[in-house]
Protein chains: 2
Amino acid sequence: MDQFTLRQLRYFEALAQHGHFGRAAEACAISQPALSVQIRELEETLGAALFERSARQVRLTGFGEDVAAKVRDILRGTDELADFARLSRDRLTGRLRIGVIPTIAPYLLPTIIGDLTRRYPGLDMRLRETVTPRLIQELAEGRLDTAIVALPVSEPSFTEVPLFSEEFILVRPSGDADKPVPNAETLREMRLLLLEEGHCFRDQALSFCNMNSSLPRELLDGSSLSTLVQMVGAGIGVTLIPEMAVPVETRSASVSLARFDAPRPSRRIGMIWRNTTPLADQLREVAEVVRQSAETLAGQTAGATACT
Amino acid sequence: MDQFTLRQLRYFEALAQHGHFGRAAEACAISQPALSVQIRELEETLGAALFERSARQVRLTGFGEDVAAKVRDILRGTDELADFARLSRDRLTGRLRIGVIPTIAPYLLPTIIGDLTRRYPGLDMRLRETVTPRLIQELAEGRLDTAIVALPVSEPSFTEVPLFSEEFILVRPSGDADKPVPNAETLREMRLLLLEEGHCFRDQALSFCNMNSSLPRELLDGSSLSTLVQMVGAGIGVTLIPEMAVPVETRSASVSLARFDAPRPSRRIGMIWRNTTPLADQLREVAEVVRQSAETLAGQTAGATACT
DNA sequence: ACTGATCCATAATTTAAAGTTATTGCAACA
DNA sequence: TGTTGCAATAACTTTAAATTATGGATCAGT
């Protein structure tokens, strides 16, 4: 009899309240002897009598009263825990840490933050924007719950679900508007402005041109799509940006936009999480919300990208 | 699986701390499968995963972290309860409600309060002074833990332990100092001042004179021994006071004291408590402390009562 | 004072919970 | 591609907690 049990504390509270073994036992839905035994064992564990049993009534001892106060606190704590668990059940709750790559975050987040907050009130959403390798590392270390990145990631310990695809749009100085749209080969001959190393979008663009990322090339690296578009506007070169970035990034710059001819370059965006995460079910829901948000966003964007 | 157990919460805390089933199980001094099962059952009870088990580590989920905080509170509460019980064990502790009759209280209490406080530090002593019938009622109702009264009480549901006997001292106007000490019969002819009805000492005094308490008599009732002695000093009559009251009550009054000849009137003072009280062992200790206090007091008093 | 009713404790037994050892299965890593 | 580390599962044993039945004390009413 090393330690008391919660069950004993519940029985104790019932007996303290009813002052009667039979009725307290009934309230606990057990037989009277079961209650007697548990109370006796609790008293043995604590080393002192909790109740004084006289012929007509059962009442708390002074010690019992002190114990009752502490027991109340403990049981209220367990009730709170049970309530908390019940409220959290089958509901995305608490903290959700989402990582997003920089070439998606500025365009998608404003929409999905609103949608997710509406869908999951009370959710403590924490967002992190950084490049894919960091997201992968933080996800693996359990410092993120999920990430929105370009697929495939091909980490066997991660689950990937596709969200949507987006094309790459050519951004040229406005004077080039009437020139023919280059294909992958001709694009290779042009001064192509790209994001600095580490960004997956840089590799995706280079891959479209069949160029090796690590080869030393004569290109200027920008730290954001916004910068790249500004540089194009200044006539320094051309660049590619993902479809989703078009409305935001070309709002104020005087550049011309063009879709490529087939095979059009594009990338697949998806959500990833650890295979082992217990949030998988909820994350699938989140993915669906994000997919719909992106779809809506693409619809609104369609007009702005009527650029060929 | 209605509710979780304290055991599960302790295992949960261990696993949260160690992040490893094997080591946590070792810390809990159980086998690893036992821990696995209890954690699984806790998760089922709460309705959500508490840990994410990946190949190389076990870590808390967001939900698990929230639960861990609440579990900490609960377990600290149980620790406190266990500590409290351990400290209280085999030690008179908490509240002790002692009733004392008015013809004892003023003389004995100053001494025994000190002695008991010294003997049981931290004891929350609560004293009540009233007449025996009330003490008996409150004791029976559980509103007192024990009482110091004149024996016998002869309540079958109470245990009595004798503490000491004390003689009744005759108090006469100082002018009567040289008169012969009356016996029970001659005392009956004198104007005897007594406490009002309800005080046992009144009955004891009348009993000494073989007088019936309820008979209409020409006597003045005082509400305290102090008043009676003052009245005697004013020459209104004579009275009896218990030995123990002598030093206090005759300090400033000009009265003469006399012991009776045999058979000397006296009364036995004792402690009583409910047969069912779980404090019986400790109350026996308390009785011994009180007995010794009274003995010491009687020794100091002896000189002042050298009055015959 | 006997009698019946009330009520808690104890005993014997059954049922449920928790623990054990042995084994399987999955990932990670060399 | 084994090998290893670690948690899950299975089969079984032990311990804990329940049940029903019974006993003994106390109080109330005849």
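Computation of the quantities below employed the complete heavy-atom set of this structure, encompassing side-chain atoms and omitting hydrogens, waters and symmetry-equivalent molecules. Lettering follows sequence order; numbering is per chain, from 1.
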Round to a whole Å and report the spacing from [atom1] of [X] to [atom2] of [N].
X: B:Asp2; N: C:dA16; atom1: CG; atom2: P; answer: 15 Å
X: B:Glu52; N: D:dC6; atom1: CD; atom2: P; answer: 17 Å
X: B:Glu155; N: D:dT26; atom1: CD; atom2: P; answer: 14 Å
X: A:Gln38; N: D:dT15; atom1: CD; atom2: C1'; answer: 13 Å
X: A:Phe21; N: D:dG24; atom1: CZ; atom2: P; answer: 19 Å
X: B:Glu41; N: C:dA17; atom1: CD; atom2: P; answer: 8 Å
X: B:Phe51; N: D:dA8; atom1: CZ; atom2: P; answer: 11 Å
X: B:Gln8; N: D:dA16; atom1: CD; atom2: P; answer: 16 Å

Select base, sugar-phosphate, or nothing to describe what A:Tyr11 touches, counting heavy atoms under 4.0 Å on all strands. sugar-phosphate
Under 4.0 Å, counting only non-hydrogen atoms across every strand here, what does A:Pro33 touch: a base, just sugar-phosphate, or nothing? base
Can you tell which of A:Ile148, A:Val286, A:Val100 makes a side chain to side chain contact (heavy atoms under 4.5 Å, CB included) with A:Ile112? A:Ile148
Closest nucleotide among D:dT19, D:dC6, C:dC8 to the A:Ser31 side chain: D:dT19
Please determine, for the side chain of A:Ile30, which listed nucleotide (C:dC8, C:dT20, D:dA18) has the closest atom? D:dA18
Tell me whether the side-chain N/O atoms of [X] come closer than 4.0 Å to OP1 or OP2 in [N].
X: A:Arg40; N: C:dC8; value: no
X: A:Ser36; N: C:dC8; value: no
X: A:Arg53; N: C:dA9; value: yes

Can you check whether A:Leu139's main-chain N or O pairs, donor with acceptor, with A:Arg97's side chain at less than 3.5 Å? no
With hydrogens left out and only the distance checked, is there a donor-acceptor pair under 3.5 Å joining B:Gln32's side chain and the base of D:dA8? yes
Using distance alone, with no hydrogens and no angle criterion, decide if A:Asn275 and A:Thr159 have a side-chain donor and acceptor under 3.5 Å apart. yes
Just checking, any donor-acceptor pair under 3.5 angstrom between side chains of A:Glu41 and A:Thr45? no
Taking the basic N atoms (NZ, or NE/NH1/NH2) and the acidic carboxylate oxygens, is any pair closer than 4.0 Å for A:Arg86 and A:Asp83? yes
Closest-nucleotide ordering on DNA chain D, the 5'-leading residue of A:Ala29 and B:Arg7: B:Arg7
Closer to the 5' end of DNA chain D via nearest nucleotide, is it B:Asn275 or A:Val37? A:Val37
Of A:Pro156 and A:Gly22, the one whose nearest nucleotide on DNA chain C sits closer to the 5' end is A:Gly22
